[in-house]
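Data block below; observations after.
It should be emphasised that the depicted structure is a prediction, and the values quoted were computed from it without experimental measurement. Just so it is clear, the values below take in all heavy atoms, side chains as well, and ignore hydrogens, waters and symmetry mates.
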Amino acid sequence: MASACIPPATTQPALPSGAAVFKTVPYAFILPEILCGTWVWILVAATSVSFPLLQGWVMYVSLSSCLISLLLLLSYLFGFHRNSENWKVLDSLYHGTTAILYMSAAVLQANATINSEFGPNSPLYYQLNSAASFFAFVTTFLYILHAFSIYYQ
């Protein structure tokens, strides 16, 4: 009797818990997202806000996404996901949406940087605004990388 060669069932990779979060590619982006996002709202808060509507949106996006990403990181560290597929969908949707919001905030921050070049105390505020713009675009790129890597995984 010939034995039937049954291929092993393909399983989805397990969601990381604990320190393995920092070693797994899509989830390792969470900590740099938090750190760069924190720099964005610290630098915007350190400037003289001459465009409250523009930089208010930047502060809202950076602060709220930083806090939500911190909660997401803690939930992965403590294993609240229990290896559920729904967490991958939640993670992908959150990071995709946040990437779009952060792109809008980065463009608005770049506009505020250009407009702050010729204002009062222009050298100091221009440097702070340009650093905030740089970190906003880096954070946007990290969120995009995270969203695409979790989507294609």
Y27 and I150: CA distance, side-chain angles, deciding distance, side-chain contact (heavy atoms from CB on, under 4.5 Å) verdict: CA-CA 8 Å; Y27 308 102; I150 195 73; 3.0 Å; yes
Taking every non-hydrogen atom, the tightest pair across V138 and C36: CG1-SG, 3.9 Å
Same cluster (ILVMFWY, side-chain, under 4.5 Å), F80 and L77: yes
Fellow cluster residues of L53, listed by chain then number, with links counted only when side-chain atoms sit under 4.5 Å apart: none
Euclidean distance, I30 CD1 relative to L71 CG, rounded to 0.5 Å: 11.0 Å
Single-linkage hydrophobic cluster L74~I68, side-chain heavy atoms < 4.5 angstrom: yes
Residue pair S92 / A147: nearest heavy atoms and the distance that separates them: OG-O, 4.2 Å
Distance-minimising heavy-atom pair for V58 and A105: CG2-O, 3.3 Å
Atom pair OG/CZ of S75 and R82 - distance to nearest 0.5 Å: 12.0 Å
OG1-CZ distance between T140 and F135, expressed to the nearest 0.5 angstrom: 13.0 Å
Where S133 and T113 come nearest, the two heavy atoms and their spacing: OG-OG1, 2.8 Å
Full working for side-chain contact (heavy atoms from CB on, under 4.5 Å) between Y102 and I144: CA-CA 10 Å; Y102 237 109; I144 290 170; over 6 Å; no
Donor-acceptor pairs under 3.5 angstrom involving side-chain atoms of residues 39-46: please list them, not counting sequence neighbours.
none

side-chain contact (heavy atoms from CB on, under 4.5 Å) assessment of W87 paired with L72: CA-CA 10 Å; W87 279 86; L72 193 61; 3.8 Å; yes
hydrophobic_cluster_shared for Y126 and F137, side chain cutoff 4.5 Å: no
Close side-chain approach of N129 to Q109, heavy-atom, < 4.5 Å: yes
Within one Ile-Leu-Val-Met-Phe-Trp-Tyr cluster: L73 and V25, side-chain cutoff 4.5 Å: yes
Pairs meeting criterion side-chain hydrogen bond (donor to acceptor under 3.5 Å, both in side chains) with involvement of residues 60-71, two or more places apart: S69-Y94, S69-Y143
Path from M103 to L63 over hydrophobic side-chain contacts below 4.5 Å: no
Closest non-hydrogen atom pair, T47 against Q55: OG1-NE2, 4.0 Å
Shortest non-hydrogen contact from S104 toward L101: OG-O, 2.6 Å
side-chain contact (heavy atoms from CB on, under 4.5 Å) assessment of K88 paired with D91: CA-CA 5 Å; K88 285 186 177 183; D91 195 337; 5.6 Å; no
